Structure formats: structure tokens, C-alpha cells
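We're numbering straight along the sequence, starting at 1. All figures in this text were calculated on a predicted structure; none of them were measured in a lab.
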Amino acid sequence: MPSREPLSRNKNSKSMVHKKHDCQQQDLLVTALGMKLTSQKASATLWQPLKLFAYSQLTSLVRRATLKENEQVPKYEKVHNFKVHTFRGPHWCEYCANFMWGLIAQGVKCADCGLNVHKQCSKMVPNDCKPDLKHVKKVYSCDLTTLVKAHNTKRPMVVDMCIREIESRGLKSEGLYRLSGFTDLIEDVKMAFDRDGEKADISVNVYEDINIITGALKLYFRELPIPLITYDAYPKFLESAKAVDPNAQLEILHEALKLLPPAHCETLRYLMAHLKRLTLLEKDNLMNAENLGIVFGPTLMRAPELDAMAALNDIRYQRLVVEMLIKNEDILF
């Protein structure tokens, strides 16, 4: 009988071949997997800087868009400045579209935007006055919100231009805001703003004395028909000065700031930041927060319909209010 031993050997050799083939395949798979992992690591290493660059570019774009949005002029709400008016010829109400009857005083006209309505309709017109430059003919003695809306700016041009000019010349001049310039030249600056607006030339070539520019800025605030710290907010600001506890003073001041119209609050913030920078150079200009409070207290605040004695008594509190606003400018605004 034929021996079966060769068959078993043959089977063993075949199985060994298969095992060897399987091992080779496993080695190939491991090698391929290792190459894939290595390539993934390499690609990750390669893409990481690109991802960071793309992210930084996106962040930069978002930041720029945010800054651009913040620089946009806010939409301040403004009530109409209606005054009784006699219209020549037939006129129709711009609110209800009905005829305005009568020969004299047929209705009211907004002195800032020129809106013509019935007297009874004026009570229902929304606070959406958009002052027209042909109606707003001056800068000084003009309502602050009216001025910024007419010129489409965040703050009155006088404030921005004067502060920029003062800071460009440096804040080391002794007695800045305390010393006065020549009255005639300060009036000349006022006329330049009323006549030329933002094109007014207040450079050092025209007005060498910096005290003329500071005087023009103080005059602007003094001639506002409604003070920078308005009559409505005045009692709350005074309350903060009369408080004893420093924390209570800041809390009341914060509440008082909310009572200001947005344009007034923004202008006050800008001015206080400027005055805070001024106090940082006190060694040179000799102007600290207390001294500036004495100068700007009565300039920014006026007592609403009080007798002379009461108004005189309020001066010390007005000084304290401005002093606190300057010292805590970074907290309050």
C-alpha cells in the first residue's frame, strides 16, 4: 500500500506557505497602516499652521467688522422742536394729510427739520426728528442732539475738534482750562464754527495761544440751551455728591448717567476721558481732578429754576460731581 506520509508532509508544507503568505499580508497591512498614520500626522502637522492662519485671518476680519460697526454713528432719538407757524398759501398736515385751515397760526412747524403738522397732530408725531442743515444755521447755542443729528456725528464737532487740537499741542501747558484766553479771540473761534462748521481753522497757525481753544470749548458748553448734564438728570447727579459712602456715590452716579440723552452721555464720556488724561500730567500742568471740577462744575451743570442762593450753594456739589466723574471715568463709562 502506498505510504500516506508524503501527503501529510505536503499538507504541512502548504499550510506553512499559507501562514507565511498571511504573515506577509499582515506585515503589508501594518506597513500600510503605519504609512497612513504617518501621512495623517504629516498632513496634520502641515495643515495646523494653515488652520491657525485661516483662524487668525477670520478673527482679524471679525474684529475689524466689529470695530467698524462700533465706529458707526449711533441713531439718537430726538423730539421735534415744534413752534406755532403761519403758513402762506394752502398747506396740508404732513401727519394726517388733512388741510390746515385758517389765515394765521394754522399749525406748527419743526424748527429743526421743517415738519409741518396740525397742533393736535404734533402730540402724536414720533420722536424721529432728522434736523436739516438749512434749518440748523449755527453751532453754538444749538441743542446738542440737534447738532449731532444734523451733521450725522457721534459728538458735536466743536468738542471733537477742540480736544484734538488741545491734545495735539500737548497737555503740559500750565493752568490748562484754568487760564483764560482773550475774549475777542474766543468769540472769533465761535464765529468761525458758526460760519464754517467742521471746516473752521483752529490750528496753531491761526490761534497760537492754547487758552483760546480751551476757552472756546468751555464757551460752547456754557451756551448750550440744555446743559450737558441736563436739567432732568441734575437732581440725581447732585444726590451722588451729597452721599457719604464712596460706593453709594458711584452707584447713584451710574444711575444718573442713564438719565442723560445718548448724545449727551457720549459727549460727557469723551470729555471726561480727555480730562483724565490731563490729570496724568498734573506735575506739568498743575491741574488735578479737583481743580478741573472747580472749572467745569458750573460749566457742565446748571441748577433748574432755583433762586440765586440755592444755585450758589449747589456749586460745591457741582465741583464734586465733575471731580468724581474724572477720577472714576474708567469705571462709570
Side-chain angles (χ1 to χ4, degrees), residues 71-81 83 109-115 129-171 173 176-230 261-275 277-278 295-296 299-300 302:
E71 288 172 0
Q72 290 177 355
V73 179
K75 294 180 180 179
Y76 297 134
E77 188 179 83
K78 184 191 177 305
V79 297
H80 290 273
N81 184 18
K83 294 181 179 178
K109 182 185 182 80
C110 179
D112 299 329
C113 68
L115 183 71
C129 179
K130 297 176 182 177
D132 194 327
L133 285 174
K134 68 181 180 181
H135 297 290
V136 181
K137 296 180 180 179
K138 55 184 180 178
V139 173
Y140 278 68
S141 303
C142 177
D143 174 67
L144 192 148
T145 304
T146 301
L147 187 68
V148 297
K149 288 206 73 172
H151 291 272
N152 197 30
T153 55
K154 289 177 72 175
R155 295 172 296 272
M157 68 184 77
V158 180
V159 178
D160 278 9
M161 290 176 66
C162 285
I163 288 178
R164 279 201 303 265
E165 183 62 30
I166 293 163
E167 295 198 352
S168 69
R169 300 190 196 186
L171 299 174
S173 180
L176 209 59
Y177 287 110
R178 180 173 55 80
L179 299 176
S180 299
F182 288 109
T183 305
D184 291 346
L185 292 176
I186 291 173
E187 285 291 329
D188 191 44
V189 173
K190 172 187 171 181
M191 289 172 62
F193 274 116
D194 283 339
R195 183 182 63 248
D196 304 324
E198 59 187 13
K199 294 181 181 178
D201 187 1
I202 58 171
S203 65
V204 68
N205 298 326
V206 183
Y207 303 103
E208 189 177 350
D209 184 6
I210 195 171
N211 296 313
I212 296 168
I213 309 303
T214 58
L217 181 60
K218 289 187 293 182
L219 181 64
Y220 171 75
F221 287 121
R222 280 199 301 271
E223 292 195 355
L224 282 174
I226 300 174
L228 186 61
I229 293 177
T230 61
H264 284 245
C265 191
E266 167 58 24
T267 305
L268 183 64
R269 179 202 65 78
Y270 188 73
L271 177 64
M272 291 302 114
H274 163 65
L275 297 180
R277 291 191 290 271
L278 184 65
V295 173
F296 279 96
T299 303
L300 304 181
R302 293 199 295 274

Carefully, step by step, assess Asp209 and Leu185 under the rule side chain to side chain contact (heavy atoms under 4.5 Å, CB included).
CA-CA 10 Å; Asp209 184 6; Leu185 292 176; over 6 Å; no
Check [X] against [Y] and note the closest heavy-atom contact, atom names and distance.
{"X": "Arg155", "Y": "Asp160", "answer": "NE-OD1, 2.7 Å"}
{"X": "Tyr207", "Y": "Ile202", "answer": "CD1-CA, 3.8 Å"}
{"X": "His274", "Y": "Ile166", "answer": "CE1-CG2, 4.1 Å"}
{"X": "Leu179", "Y": "Lys218", "answer": "O-NZ, 4.4 Å"}
{"X": "Val295", "Y": "Tyr177", "answer": "CG1-O, 3.5 Å"}
{"X": "Tyr140", "Y": "Leu217", "answer": "OH-N, 4.5 Å"}

Interatomic distance, [X] atom [atom1] to [Y] atom [atom2] [nearest 0.5 angstrom]:
{"X": "Asp188", "Y": "Phe182", "atom1": "CG", "atom2": "CZ", "value": "13.5 Å"}
{"X": "Ile186", "Y": "Met191", "atom1": "CD1", "atom2": "CE", "value": "14.0 Å"}
{"X": "Phe193", "Y": "Cys162", "atom1": "CZ", "atom2": "SG", "value": "4.5 Å"}
{"X": "Lys190", "Y": "Thr183", "atom1": "NZ", "atom2": "OG1", "value": "12.0 Å"}
{"X": "Leu228", "Y": "Phe296", "atom1": "CG", "atom2": "CZ", "value": "10.5 Å"}
{"X": "Asp194", "Y": "Lys137", "atom1": "CG", "atom2": "NZ", "value": "13.0 Å"}

Polar side-chain atom of [X] near backbone of [Y] as donor-acceptor pair, under 3.5 Å:
{"X": "Arg302", "Y": "Arg222", "answer": "yes"}
{"X": "Asn81", "Y": "Cys110", "answer": "no"}
{"X": "Asp143", "Y": "Pro225", "answer": "no"}

Side-chain contact test, heavy atoms from C-beta onward, threshold under 4.5 Å: evaluate it for [X] versus [Y] and give yes or no.
{"X": "Ile213", "Y": "Met161", "value": "no"}
{"X": "Val206", "Y": "Ser203", "value": "yes"}
{"X": "Ile163", "Y": "Leu271", "value": "yes"}
{"X": "Met272", "Y": "Leu300", "value": "yes"}
{"X": "Val189", "Y": "Tyr220", "value": "no"}
{"X": "Pro156", "Y": "Thr267", "value": "yes"}
{"X": "Val148", "Y": "Glu266", "value": "no"}

Show, in sequence, the C-alpha distance, side-chain angles and deciding distance for Leu144 and Ile226, and conclude whether the side chain to side chain contact (heavy atoms under 4.5 Å, CB included) test is met.
CA-CA 8 Å; Leu144 192 148; Ile226 300 174; over 6 Å; no
Would one find more than 12 heavy atoms of other residues, nucleotides or ligands at under 6.0 Å from atom CD of Glu198?
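No, because the 6.0 Å sphere around CD of Glu198 holds 12 heavy atoms or fewer from other groups.
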